[in-house]
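Note sheet for the following structure.
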Amino acid sequence: MEKGISRRNFLTGAALAGAAAASLGIAGCSPAATTSSEGGDAASTESGQSTQYSWEVKPEPITDIASTVDTDILVIGAGLAGCACACSAAENGGKVTVVEKTESWNGRGGGFGAIKSRYMDELDITVDKVNAKQHWIAQCASRADEDIIVKFFNNSEEASNWLLDKVEAVGGSAMVGAFYSHDDVYAEQPGYHMLIIPEDAGFTSTGFAGAELCYKDAVAAGAEFVFNSPAVQLVQDDSGKVTGCICETADGYVQYNASKGVVLCTGDIGGDAEMVQAYAPIAAEYGQPRSQYTPMGVNTGDGHKMGMWVGAQLQDLPLPTMMHPQAFCWFHGPFLFVNDNGERFMCEDTWVQGKSLAINRQPNGEAWSIFDANWPTDLVNGLPYGGGMFWDSFRPYGSDLELAPEYFKTQIPTYIEAGNAYECDTLEELAQSIGCDPEVFQATVDRYNQMCEAGEDTDYYKKPVFLTPIKEGPFYALKVGPALLTVTGGLKVNSDFQCLNADGEPIEGLYALGNVEGGSTATDYPINVAGNCHGRCITFGYLLGRDLAQA
């Protein structure tokens with residue numbers, strides 16, 4: 001582990017206060033670790049282990065409770081996973097309370113991934129489950145929990161149709177996208193659903209409408225939501241069972257007691273730069289400062305910290321990141337990439353995460369997608385063999401390939417206006433625009449064109465179908481860089497979503513969903529099932545809410 005921390009010592013020792021306590025307004029109720037990664041004297045846990053990070057010191061129990069609330073099921077966090085869990089539980093007769101750090105429920109992103117749904121059936125779409133499952137495991141370096149992945153595969157249809165019922169109940173529908181890669185090496189699957197909600201349906205969401213749908217139906221089914229009420233500490237009884245949590249409010253500390261379970265749904269660690277440096281360092285330099293998570297900065301790993309304070313075990317490190325190459329432009333295709341020095345550095349017909357990680361290693365964590373006036377034809381010719389995010393447009397499944405360049409023709413001018421893209425009559429002007437040596441850039445393009453003509457990329461072995469020369473002006477350069485969407489790893493759970501202690505045993509009463517739940521992904525985010533993060537929030541929230549209500 002980074003900075004000399006033993007994972008075992010961290011999990012078995014006391015954990016967090018300091019920065020986490022300060023960010024939640026409870027700095028006065030517990031001692032803080034005063035060290036930082038820059039050096040200085042180390043703080044110590046009760047066991048005598050030295051610490052490097054503020055969250056390694058477990059805060060003292062909060063005792064000045066202003067009031068208590070009794071419920072059956074306590075959900076901490078009103079994002080997609082929390083709202084889905086609360087909705088499912090309430091619809092199955094559970095008494096549900098949701099406490100949320102911010103002033104509202106939260107949704108983000110454009111849609112969700114499914115393995116199967118009735119919309120997919122209508123379009124005769126079949127996911128190759130063997131291919132999808134094995135690619136998922138491979139992209140996670142064979143370190144993900146297969147039982148949890150299979151649970152998603154086997155229950156995605158029921159949960160997806162449950163959400164689609166809600167969409168149709170407000171007069172909406174879903175569009176299944178065509179934007180997945182047809183590559184045989186980086187095989188991706190169809191099944192990405194984008195929800196379409198009528199303007200007169202009374203929705204306020206500018207993010208993913210699924211969270212608002214679940215929130216509204218949860219309230220209608222009797223769930224209580226308490227906003228501006230950050231959870232700061234879990235409550236355990238003498239046996240170690242988690243029985244509730246303590247929230248900080250304007251009226252003092254409120255203790256929520258939950259007879260059936262506490263579900264952590266507090267989002268990822270991406271808003272805490274120190275946690276990212278410790279647990280997902282690959283995103284620390286460029287991805288995290290360009291975070292596109294909303295609301296910005298609220299995802300400070302609160303559930304991870306509270307869980308570890310009561311003995312929950314973090315999954316193996318480093319945590320996987322959803323780091324997509326969308327910090328500047330949302331189109332770059334399979335065309336030539338050069339770094340800020342005008343040099344090629346990778347095979348460009350790879351998957352989304354592969355592009356991000358390769359660009360992340362370049363100067364300034366950025367690159368340029370270079371193509372010429374023939375790009376619309378080149379793009380369409382390559383789509384039957386590749387595609388996917390930032391390569392294909394957000395087309396409906398079965399639509400004409402020609403829609404892809406037509407859409408991007410409307411987007412490139414906006415990139416140019418924003419200063420993230422250039423259109424030039426000569427390659428020399430293009431090089432000057434992106435700030436590299438024109439001679440170096442020209443040599444790179446000449447070398448690339450020679451391999452295009454020869455039909456073989458002997459530098460990086462891009463597939464010949466994607467070797468399209470850069471000869472006819474105007475010439476284009478679109479800036480590409482990784483942005484962190486979320487860190488998709490968290491606390492180890494079993495297939496019932498119970499958090500596990502250092503001995504691999506369930507911590508009674510404590511569950512984790514969404515990006516607090518660990519095990520579904522590892523090392524990297526498996527984009528081969530696009531939208532699976534939201535898909536798992538819906539599926540697992542639906543399952544756990546139902547099961548807790550019926551317990």
Side-chain angles (χ1 to χ4, degrees), residues 71-102 104-108 112 148 151-152 155-156 158-163 165-166 208-227 229 231 234 242 244-245 247 256 258-268 302-304 306-307 312 488 490-491 493-499 506-507 509-520 532-551:
T71 189
D72 290 344
I73 302 162
L74 178 65
V75 179
I76 305 177
L80 178 58
C83 288
C85 182
C87 183
S88 178
E91 289 177 347
N92 281 279
K95 181 180 180 182
V96 186
T97 302
V98 183
V99 292
E100 164 58 33
K101 180 179 183 177
T102 68
S104 174
W105 53 269
N106 295 296
R108 59 193 64 84
F112 71 95
I148 298 175
K151 190 156 189 174
F152 171 56
N155 294 277
S156 171
E158 181 180 352
S160 297
N161 287 340
W162 171 73
L163 182 65
D165 286 342
K166 299 181 181 304
F208 177 46
E212 187 168 6
L213 282 162
C214 290
Y215 164 72
K216 288 186 172 184
D217 281 5
V219 171
E224 179 184 6
F225 283 72
V226 184
F227 297 111
S229 186
L234 296 174
V242 173
C245 85
C247 293
Y256 290 85
S259 61
K260 289 191 173 183
V262 176
V263 188
L264 297 172
C265 300
T266 52
D268 81 313
D302 304 339
H304 298 67
M306 288 187 291
T488 62
L491 305 174
V493 299
N494 60 20
S495 57
D496 293 322
F497 313 110
Q498 294 174 289
C499 293
I507 298 174
L510 185 62
Y511 303 82
L513 294 175
N515 288 323
V516 190
E517 173 253 307
S520 296
N532 73 77
C533 186
H534 275 175
R536 287 181 285 110
C537 287
I538 295 162
T539 301
F540 295 163
Y542 168 78
L543 294 175
L544 181 59
R546 179 197 64 193
D547 293 347
L548 288 176
Q550 295 176 355

Check: [X] side chain, [Y] main-chain N or O, donor-acceptor pair, under 3.5 Å:
X    : Y    : result
H304 : N515 : yes
T71  : A258 : no
K166 : L213 : no
K260 : A551 : yes
D496 : Q498 : no

Report the distance from atom [atom1] of [X] to atom [atom2] of [Y], rounding to the nearest 0.5 Å.
X    : Y    : atom1 : atom2 : answer
T266 : E100 : OG1   : CD    : 9.5 Å
C265 : E517 : SG    : CD    : 10.0 Å
F152 : C537 : CZ    : SG    : 10.0 Å
C85  : L544 : SG    : CG    : 4.5 Å
E91  : R546 : CD    : CZ    : 12.0 Å
F112 : L163 : CZ    : CG    : 5.0 Å

### Query
Which is it for C247 and V226 under the side-chain contact (heavy atoms from CB on, under 4.5 Å) test, yes or no, and what are the steps along the way?
CA-CA 10 Å; C247 293; V226 184; over 6 Å; no
Closest non-hydrogen atom pair between [X] and [Y], with its separation:
X    : Y    : answer
A159 : T539 : CB-CA, 3.5 Å
D217 : C87  : CB-SG, 3.6 Å
G541 : S88  : O-CB, 4.0 Å
A90  : A218 : CB-O, 4.1 Å
Y256 : T97  : CE2-CG2, 3.8 Å
C83  : F225 : SG-CE2, 4.1 Å

### Test item: W162 and C214 side chains (from C-beta on) under 4.5 Å apart, heavy atoms
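Yes. Closest side-chain heavy atoms under 4.5 Å.
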### Query
Of L513, V493, L491, which is the lone residue that meets side-chain contact (heavy atoms from CB on, under 4.5 Å) with L264?
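Filter result, single survivor: L491.
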### Query
Pick from L234, V263, V99: which one makes a side-chain contact (heavy atoms from CB on, under 4.5 Å) with L74?
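The single option meeting the side-chain contact (heavy atoms from CB on, under 4.5 Å) with L74 is V99.
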### Message
Please determine whether side-chain contact (heavy atoms from CB on, under 4.5 Å) holds for the pair F540 and I148, giving the CA-CA distance in whole Å, both sets of side-chain angles, and the decisive distance to 0.1 Å.
### Response
CA-CA 10 Å; F540 295 163; I148 298 175; 3.7 Å; yes
### Query
Does Y215 have any side-chain hydrogen bond (donor to acceptor under 3.5 Å, both in side chains) partners at least two apart in sequence or in another chain, and if so, which?
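Result, side-chain hydrogen bond (donor to acceptor under 3.5 Å, both in side chains) vs Y215: none returned.
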### Task
Go through the steps to decide whether L548 and Y511 satisfy the test side-chain contact (heavy atoms from CB on, under 4.5 Å), and finish with yes or no.
CA-CA 10 Å; L548 288 176; Y511 303 82; 3.7 Å; yes
